Amino acid sequence: MDSKVAVIGGTGVEMVGEAIGIDTPFGWVEAKDGEVAGDGLLFIPRHGEVHLPPHRVNYRALLWAAKAWGARRVISTNTVGSMSWHPVGSYVIPDDFVDFTKSRASTFFEEEAVHVDLTAPYCPEVRRVLVDGAKAASGLVSGGVYVCTEGPHLESPAQIRMLRRFGDVVGMTGYPEVVLARELELCYASICIVTNPAAGMRKDSMSAAEITAEMERSSGLLMEIIAAAASKIPEERGCSCGRALAEARL
Ligand code: HPA
């Protein structure tokens, strides 16, 4: 049965459920055990109770916990700045990514040569239900390339002029989750909320408070989209995410 879903919730996202702790080889993960439409749903707050900054998040523990709990599908939420035309408050369901992080543990295979295929880095089945759900809820939804920076500082205008050649939206938390999920043969897709135009794409400066405020405005609808999407994911997996390791070893 592949129907159990984990949600890795970013800034400003909350879900109800029984508080549980999951032990992993990478550390302890606090989560909430809930359900949607009769199926299990695990909510994992990415930043934990103390709100760890993006470069300190224990990404391996989060993905490991999702799998250990029984999830085979993972939906993640991320805030992003737009490096293109996206209105604030709109949704981007990335179809590809570029990594500009610097210091993050980004594999479960430290000793072994394992090279997972990332031709389709985000699960097409989970993407589809998120795109449909976001369209039905708001209409303002697109695909695009997610560029992940290390943070914790926001970017400079020159950095954004460079990064916009590589992708559409910029955030700090989408990588390495996407590749770690693939290494665990989990289906993974992200729903990004555009909280601001990226640095230099408007006249005034910006603030972290502005990102949080936009996220708070959007989080109710976002959770409704996720709950509806989770209940529509096909019971059995028709994608190839579950076979990611079959030909990945040298
Ligand atoms: N840059 C990086 N991360 C972000 C941004 C941004 O402009 N907005 C929300 N998360």
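Quick note: residue numbers are just sequence positions, from 1. Because the structure is a prediction, the values reported are computed rather than measured.
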Handout entry: Aromatic plane relationship, Trp64 with Phe108 - under 30° parallel, 30 to 60° tilted, over 60° perpendicular
Key = tilted
Problem - Rounded distance [0.5 Å steps], CG in Leu245 versus NE2 in His115 - result: 12.0 Å
Could you tabulate the donor-acceptor pairs under 3.5 Å formed by side-chain atoms of residues 188-195, not counting sequence neighbours?
unit_1	atom_1	unit_2	atom_2	d
Tyr188	OH	Ser76	OG	3.1
Tyr188	OH	Glu177	OE1	2.6
Ser190	OG	Asn78	OD1	2.7
Thr195	OG1	Val80	O	3.3

Handout entry: Euclidean distance, Trp85 CH2 relative to Ser142 OG, rounded to 0.5 Å
Key = 4.0 Å
Practice task
Starting at CE of Met215, measure out to OG1 of Thr77 and round the result to the nearest 0.5 Å.
Solution key: 5.0 Å
Practice task
Please go through Ile160's hydrophobic cluster and name the other residues, only I, L, V, M, F, W, Y counting, with side-chain heavy atoms under 4.5 Å joining them.
Solution key: Met83, Val98, Phe100, Val145, Val147, Met162, Leu163, Phe166, Val170, Met201
Practice task
Report the distance from atom OH of Tyr91 to atom CG of Leu222, rounding to the nearest 0.5 Å.
Solution key: 5.5 Å
Exercise for the section: Count the heavy atoms of every other residue, nucleotide or ligand shown that sit under 6.0 Å from CD of Glu110, and state whether that count exceeds 12. Expected result: yes
Exercise for the section: Could you tell me whether Lys32 atom NZ has more than 12 heavy atoms of other residues or ligands within 6.0 Å of it? Expected result: yes
Handout entry: Pair Arg202 + Glu210: basic N to acidic O under 4.0 Å
Key = yes
Exercise for the section: Could you give me the CA-CA distance, side-chain angles and deciding distance for Lys67 and Val74, then say whether side chain to side chain contact (heavy atoms under 4.5 Å, CB included) is met? Expected result: CA-CA 9 Å; Lys67 185 161 183 179; Val74 178; over 6 Å; no
Exercise for the section: Evaluate the salt bridge (charged side-chain N to carboxylate O under 4.0 Å, His left out) criterion for residues Arg249 and Glu112: first the C-alpha distance (whole Å), next the side-chain angles of each, then the deciding distance (0.1 Å), finally the verdict. Expected result: CA-CA 8 Å; Arg249 288 184 168 84; Glu112 227 185 318; 2.6 Å; yes
Problem - Cluster overlap Leu42 with Leu180, hydrophobic side-chain contacts below 4.5 Å - result: yes
Handout entry: Residues Glu125, Arg128: salt bridge by 4.0 Å N-O rule
Key = no
Problem - Same apolar cluster: Val13 and Val129, side chain cutoff 4.5 Å - result: yes
Problem - Least distance between heavy atoms, Gly133 atom then Ile225 atom - result: C-CG2, 3.8 Å
Problem - Same apolar cluster: Val57 and Val50, side chain cutoff 4.5 Å - result: yes
